[in-house]
Chemist: 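Have a look at this one before I ask anything.
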Number of protein chains: 2
Amino acid sequence: MVGIDEVARHAGVSTATVSRALSGNGPVSPATRLKVEASAGELGYVVSSTASSLASGRMKNIGVVVPFLDRWFFSSVVEGAQRALLRNGYDLTLYSLTGGKAERRSVFEHFLLRQRVDAVISISLELTEGEVARLHALEKPLVGVGGPIQGVRTLTVDDVAIAQHATEHLLALGHTRIAHLGGNKDLDLDFHLPTNRRVGYERALEAAGIAPDPALFMAADFTMRGGYQAAKQLLGSPHNRPTAVFAASDEMAIGTILAARDLGLVVPRDVSVVGVDDYDLADFFGLTTIAQFPQGQGESAVEILLDQLRPGQNQLTDLNTPMPFELLVRSSTARPGE
Amino acid sequence: MVGIDEVARHAGVSTATVSRALSGNGPVSPATRLKVEASAGELGYVVSSTASSLASGRMKNIGVVVPFLDRWFFSSVVEGAQRALLRNGYDLTLYSLTGGKAERRSVFEHFLLRQRVDAVISISLELTEGEVARLHALEKPLVGVGGPIQGVRTLTVDDVAIAQHATEHLLALGHTRIAHLGGNKDLDLDFHLPTNRRVGYERALEAAGIAPDPALFMAADFTMRGGYQAAKQLLGSPHNRPTAVFAASDEMAIGTILAARDLGLVVPRDVSVVGVDDYDLADFFGLTTIAQFPQGQGESAVEILLDQLRPGQNQLTDLNTPMPFELLVRSSTARPGE
DNA sequence: ATGAAAGCGCTAACAG
DNA sequence: CTGTTAGCGCTTTCAT
């Protein structure tokens with residue numbers, strides 16, 4: 001392994017100059033910079049990140065914590081974050097908390113504390129006060145994606161608005177019997193996401209002068225199977241059947257489409273379906289949905305973090321940054337009876 | 001940040017002893033070990049990984065390189081690896097190569113070389129000789145998952161055997177007109193995986209005395225949509241229609257099931273379908289498949305790597321470790337006409 | 001089993 | 001703009 005002094009000797013300068021030239025911190029004349037870069041290239045020198053970190057206190061490394069990795073949404077956010085970090089010369093250290101309580105504790109009480117990361121991105125995790133306090137004690141920036149956290153900078157989509165938007169789309173098509181497939185309370189990963197989406201749904205109905213009908217609400221678990229089963233019940237009896245369904249996730253929405261088919265119903269003629277996410281398979285199933293952009297969320301989280309890491313600029317803007325969403329009309333929605 | 005000397009003072013020992021007690025390297029009497037652990041706990045001491053790494057040369061960190069993250073298979077392998085690493089006190093630094101050539105170069109020529117990782121796991125990547133050489137030059141262990149790499153320890157499933165198994169299942173049910181949905185040559189990420197699976201399929205047919213019929217092979221792109229479109233053609237004309245389809249991925253298999261439905265065919269009465277992977281949604285669609293265990297593959301890769309990192313034991317066993325697979329019979333296969 | 005002390009390879013004052 | 005030098009916080013000989 002060739003070290004900094006070897007480069008210094010080769011370029012005929014001091015190690016300090018090599019450090020400055022290569023890192024861009026501190027003044028170096030263009031000429032020497034070139035000389036140093038040439039020497040470094042020639043010798044194949046790559047800075048030892050451990051030595052550099054120990055001396056400077058900067059790790060060039062961000063910790064990313066997710067509840068699961070094998071779900072499209074999370075892995076997409078991580079992928080976006082990874083790309084943005086790479087561009088900026090940062091590494092991404094991943095912590096997936098699938099293992100439960102013990103694993104989570106070990107991550108927060110040990111792994112994140114060993115001075116390995118400059119900052120932490122927490123995705124769809126409702127951090128406890130203790131966890132936030134620990135991270136704050138390290139003076140490490142922290143940004144949350146996916147929901148508000150007490151005293152933490154976050155990026156979130158407005159779930160109420162999303163649900164309202166989706167429901168309004170159905171209302172605008174002329175639907176009045178609109179069902180909602182939401183979640184049960186124990187999906188606590190997700191900051192009352194089910195509740196927020198239900199609120200948005202009800203708000204849209206009320207604004208249109210329609211009283212939400214409890215019989216048109218069903219709770220499921222956000223999966224395709226859950227959506228399928230719930231939709232079977234919802235659409236099963238011909239009498240009082242809704243003409244449209246707003247599902248709080250694309251997976252449930254696709255489950256609904258499949259259930260409708262199995263019941264001999266034609267989508268969208270007999271029933272319109274809207275989802276949320278623009279999941280992987282939404283396009284294939286022709287699903288109208290509200291797209292979120294998880295990769296973009298990952299990238300934005302990184303931008304904000306890196307901004308915070310740059311010295312000097314502690315612009316105390318709003319704690320929360322709203323993320324964009326967009327209605328994508330495909331073939332699963334139409335005017336009732338069309 | 002409380003440091004090692006503070007702990008040493010509190011426990012009334014030297015920093016060397018604290019280091020030994022907490023790391024488990026070197027002899028420490030049980031009594032002092034307990035004392036040190038108590039002090040460390042009380043003071044909330046966590047070792048600084050950078051200082052520790054610089055002094056010891058060990059990073060306690062593994063680099064994992066994947067071509068994509070937002071696909072079920074890859075994120076599952078990563079998740080498995082992550083869990084195994086966490087158990088062993090290791091961090092996982094993720095490099096997802098979605099960005100193309102430039103990104104890949106920057107990862108292999110810069111990121112992986114800065115002494116940040118003790119070893120590298122490469123998932124479903126056919127590494128170039130140059131990339132392997134670079135990694136070897138660092139004297140870092142390297143293990144590949146998903147395909148053979150020249151001179152590198154790898155974990156792979158036997159794709160020929162998998163395909164043969166799947167086809168034999170259909171043969172055993174009495175099918176003789178068995179189609180195969182494979183891949184085109186440009187899925188080069190995956191070590192000739194399409195070819196291998198096709199070979200296994202043909203081998204099984206030939207062993208049963210059936211000549212593979214080129215008209216019963218279709219290439220697609222391993223996605224649900226691709227499978228759907230290919231299956232539409234394959235199953236479209238009633239004359240000479242196959243009674244069974246072996247798809248080289250679960251996503252194509254599910255596409256096939258959906259295509260069959262849309263053609264008015266009943267699965268498995270009119271056509272049996274087998275896939276490969278035991279993907280997320282396979283169970284929901286009742287798909288018979290050959291399960292691979294991606295999380296297990298990730299964990300195994302870690303075990304092997306960690307073993308290699310432990311000094312002394314350079315057991316030069318086989319370069320390749322075969323990974324298990326298993327036929328999962330669900331409701332998408334049956335005797336022809338049943 | 002324990003302590004003293006010499007680095008690990010780089011960065012950041014400080015001086016010039 | 002550049003060089004000198006003192007650490008960064010641990011680990012690890014080498015003594016004891």
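Chain letters run A, B, ... following the sequence lines, proteins first and then strands; every chain starts at 1.
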Chemist: If you draw a 6.0 Å radius around CZ in B/R105, do more than 12 non-hydrogen atoms from other residues or ligands fall strictly inside?
Modeler: no
Chemist: For side chain to side chain donor-acceptor pair (under 3.5 Å), just list the numbers for A/T17 and A/S14, CA-CA rounded to whole Å, side-chain angles, deciding distance to a tenth of an Å, and then say yes or no.
Modeler: CA-CA 5 Å; A/T17 300; A/S14 71; 3.2 Å; yes
Chemist: Return the 5'-most residue of the pair B/T15, A/I4 with respect to DNA chain C, ranking by each residue's nearest nucleotide.
Modeler: B/T15
Chemist: In terms of side-chain geometry, is the basic nitrogen of B/D118 or B/R58 positioned less than 4.0 Å from the acidic oxygen of its partner?
Modeler: no
Chemist: With a 4.0 angstrom cut-off to heavy atoms of chain B, pull out the first and last contacting nucleotide of DNA chain D, in 5'-to-3' order.
Modeler: D/dG9 to D/dT13
Chemist: Starting at CG of A/D5 and ending at P of C/dG9, how long is that distance when rounded to a whole Å?
Modeler: 9 Å
Chemist: At under 4.0 Å between heavy atoms, what does A/V18 touch on the DNA or RNA strands: base, sugar-phosphate, or nothing?
Modeler: nothing
Chemist: Could you tell me whether B/T50 contacts a base, only the sugar-phosphate backbone, or nothing, with contacts defined as non-hydrogen atoms closer than 4.0 Å?
Modeler: nothing
Chemist: Working to the nearest 0.5 Å, report the span between OG1 of A/T32 and CG of A/L34.
Modeler: 9.0 Å
Chemist: Starting at the 5' end of DNA chain D and moving along, which residue's nearest nucleotide shows up first, B/S19 or A/S29?
Modeler: A/S29
Chemist: When you measure from the centre of the six-membered ring of B/F74, is the NZ or CZ of B/R71 closer than 6.0 Å and no more than 45° off the axis?
Modeler: no
Chemist: What contact category does B/R33 fall into here, base, sugar-phosphate, or nothing, at under 4.0 angstrom with non-hydrogen atoms?
Modeler: nothing
Chemist: Between A/E109 (side chain only) and A/S106 (backbone N and O only), is there a donor and an acceptor less than 3.5 Å apart?
Modeler: no
Chemist: Taking CZ from A/R20 and C1' from C/dA12, how many angstroms apart are they, rounded to a whole number?
Modeler: 8 Å
Chemist: Check this one for me: any side-chain N or O of B/T32 less than 4.0 Å away from OP1 or OP2 of C/dA1?
Modeler: no
Chemist: Find the distance B/L54:CG to C/dG9:C1' and express it as a whole number of Å.
Modeler: 6 Å
Chemist: Look at all strands and tell whether B/R114 reaches a base, only sugar-phosphate, or nothing, counting heavy atoms closer than 4.0 Å.
Modeler: nothing
